[in-house]
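The block underneath contains the structure these notes are about, expressed in structure tokens.
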Amino acid sequence: MFRYLPFFVSLAAATNLYATHYDGNIYSLSLDGGNSLSITSSLKTCGDGPSWLTFDSPTRTLYCSDHAGDAIVNGSLSSYAVDQNGRLTEIAQAVDVGAAVHSIMYTDKDGAKYLAVAHYGGSAMSTFKLPLNSDDEALQVFRYQLSEPGIRPEQDAAHPHQVILDPTGAFILVPDLGADQVRVYAIDMRHSGRLNACPSLNFPAGSGPRHGLFWKSKPSHFREASVTMLYTVSELGGRFNAFAVTYPSSGCLAFKETQSFVPYPGGQLPADATPSELRMAGTSSLYASIRFDQGFPPNDSLATLVHSPNGTVTFGEITSSYGTIPRTFAINKNGTLVAIGNQASSNVAIVMRDPQSGNLGSLLANLQVGEPGQASNSSTGLSSIIWEE
Ligand SMILES: *[C@@H]1O[C@H](CO)[C@@H](O)[C@H](O)[C@H]1NC(C)=O
Ligand SMILES: *[C@@H]1O[C@H](CO)[C@@H](O)[C@H](O)[C@H]1NC(C)=O
Ligand SMILES: *[C@@H]1O[C@H](CO)[C@@H](O)[C@H](O)[C@H]1NC(C)=O
Ligand SMILES: *[C@@H]1O[C@H](CO)[C@@H](O)[C@H](O)[C@H]1NC(C)=O
Ligand SMILES: *[C@@H]1O[C@H](CO)[C@@H](O)[C@H](O)[C@H]1NC(C)=O
């Protein structure tokens with residue numbers, strides 16, 4: 001048996017990552033020996049504009065959403081088998097609403113899996129039962145129309161930007177940049193996976209909520225009940241918001257805003273700068289990527305926010321994103337590394353993170369992936385990055 005040992009050691013030493021690029025490729029990357037990042041393969045696939053990846057680890061299946069299309073012209077949803085070397089083999093491609101930008105998986109009480117997809121330009125959210133087959137139609141499609149345009153030019157239509165699962169696994173939230181609200185759905189957990197609309201969480205006009213996440217405290221002897229918070233970043237208003245979340249007997253969610261501030265030094269963003277991705281690791285910090293701020297010329301920034309045990313958040317510091325327009329970033333499971341996907345410079349930067357303090361450290365590895373995008377055209381460049389974990 002011992003002769004197999006080096007094989008397992010080498011597997012453990014390399015970590016796979018996957019990036020989508022609006023050039024029409026999914027790139028498989030490998031981080032070897034801690035600091036050597038390289039492209040191991042690429043696949044031209046996922047329609048014209050691969051925009052987001054969700055990895056189902058138990059089945060080693062990757063789902064890719066396509067940014068092509070709009071509310072009228074369809075796009076696609078694709079699935080891939082992923083081998084140990086990160087090589088992808090397409091399993092299925094189904095028709096979906098166009099202009100997808102984000103997806104998540106959810107399950108019903110029997111453990112059946114579903115995927116929910118946000119369509120920014122498609123002004124919709126769609127859901128699919130998994131595993132995906134090529135002739136599948138969406139389980140449900142929710143199309144959104146504004147009664148009147150919002151106050152910002154970007155708010156010409158409803159623009160769902162993300163899908164979020166709550167910590168109980170029973171609710172789905174959809175930040176809608178165009179509608180100034182986070183839409184809320186209760187999942188029918190009895191083996192249907194269908195969603196029922198709940199009242200939305202409304203934001204002030206012109207906020208443009210983009211991304212968010214939940215945090216739930218562990219019950220302790222100090223505090224009888226646990227606390228659930230929703231944290232969001234708004235692209236147009238540039239604010240970070242915190243909401244205390246409760247679960248009333250109505251079967252929907254109730255929100256109470258506890259904080260609203262600009263996550264930037266001096267409480268003010270440079271002109272044109274916008275918060276983009278929001279992530280949390282451990283319990284002590286959150287991170288928001290800041291596009292177009294040129295905080296570390298020629299690079300943009302990541303803002304670190306300090307999270308206290310009672311759920312209160314304060315601004316910490318900004319650090320370099322090591323590229324321009326950090327559209328997305330992902331933190332590895334053990335909280336030691338952050339992979340930043342910079343859209344316009346089209347590079348993946350791996351930055352060290354101290355899991356105890358939450359502080360971001362130096363640049364460990366950096367790799368150009370595909371051609372750089374144009375800062376003025378959001379349909380170019382690198383669109384997403386994930387760790388295979
Ligand atoms: C988009 O896809 C749906 C579902 O497959 C289909 O009913 C519809 O006709 C398609 N729309 C267009 C414009 O092709
Ligand atoms: C939460 O904790 C922070 C930091 O310890 C403290 O400043 C703040 O007053 C606390 N807030 C509440 C509502 O207890
Ligand atoms: C900007 O990022 C590049 C990597 O893309 C890095 O080499 C350079 O040192 C960074 N500069 C600053 C000021 O952050
Ligand atoms: C975190 O994961 C990396 C890469 O797999 C590994 O090198 C490191 O030892 C891990 N650190 C901790 C604290 O588990
Ligand atoms: C943005 O880039 C896409 C993809 O290359 C291209 O099809 C589109 O025409 C560009 N839009 C503008 C306004 O240049």
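Each ligand, and each atom within it, is numbered from 1 in the order the structure gives.
- For atom 1 (C) of ligand 2, the closest heavy atom belonging to the protein is Asn310 ND2, 1.4 Å.
- Atom 7 (O) of ligand 3 lies below 4.0 Å from none of the non-hydrogen atoms of the protein.
- No heavy atom of Ser321 sits closer than 4.0 Å to any atom of ligand 3.
- Closest protein heavy atom to atom 4 (C) of ligand 2: Ser308 CB, 3.8 Å.
- Put simply, atom 11 (N) of ligand 2 has protein non-hydrogen atoms near it, under 4.0 Å away.
- Of all the heavy atoms of Asn347, the ones lying under 4.0 Å from any atom of ligand 3 belong exclusively to the side chain.
- If you number the atoms of ligand 3 from 1 as listed, the ones under 4.0 Å from a heavy atom of Ser320 come out as 14 (O).
- Nearest protein heavy-atom contact of atom 5 (O) of ligand 3 is Tyr322 O, 2.9 Å.
- With Tyr144 as the aromatic partner, Arg183 meets the cation-pi criteria of under 6.0 angstrom to the ring centre and within 45 degrees of the ring axis.
- With a heavy-atom cut-off of 4.0 Å, Ile72 touches ligand 1 through its backbone alone.
- With Arg279 contributing its side chain and Ala330 its backbone, the two residues share no donor-acceptor pair below 3.5 Å.
- In plain terms, the two heavy atoms of Gln294 and Thr324 that are nearest each other are NE2-CG2, 3.7 Å.
- Under a 4.0 Å criterion applied to the non-hydrogen atoms of Asn74, ligand 1 contributes the atoms 1 (C), 2 (O), 3 (C), 8 (C), 10 (C), 11 (N), 12 (C), 14 (O).
- Of the possible polar contacts, none joining the His67 side chain to the Ala99 backbone as a donor-acceptor pair under 3.5 Å is found.
- Residue Leu213 is tested with Leu230, Leu173, Leu286 for a side-chain contact (heavy atoms from CB on, under 4.5 Å); the sole match is Leu286.
- Residues Phe203 and Phe243 bring their aromatic ring centres within 6.0 Å.
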Report task. Just do the ring pair (Phe, Tyr, Trp, His ring centres under 6.0 Å) check on His119 and His159 with the steps written out, would you? Result -> CA-CA 7 Å; His119 301 269; His159 289 310; over 10 Å; no
Requested in this report: Check step by step if side-chain contact (heavy atoms from CB on, under 4.5 Å) holds for Leu201 and Gln181.
Outcome: CA-CA 6 Å; Leu201 165 61; Gln181 55 183 239; over 6 Å; no
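- Given atom 2 (O) of ligand 3, the protein heavy atom at minimum distance is Asn299 ND2, 2.5 Å.
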**Report entry** Trace of the ring pair (Phe, Tyr, Trp, His ring centres under 6.0 Å) decision for Tyr80 with Tyr63
**Finding:** CA-CA 7 Å; Tyr80 308 86; Tyr63 294 93; 8.7 Å; no
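- Rounding to the nearest 0.5 angstrom, the gap separating the CG atom in Leu195 from the CD1 atom in Ile187 is 6.0 Å.
- For Ser345, no heavy-atom contact with ligand 3 is shorter than 4.0 Å.
- Counting the atoms of ligand 2 from 1 in the order shown, those under 4.0 Å from a heavy atom of Thr312 are 1 (C), 11 (N).
- Interface of Pro297 with ligand 3, defined as ligand atoms under 4.0 Å from a residue heavy atom, comprises 13 (C).
- For ligand 1 and Val95, the ligand atoms under 4.0 Å from any heavy atom of the residue are 2 (O), 5 (O).
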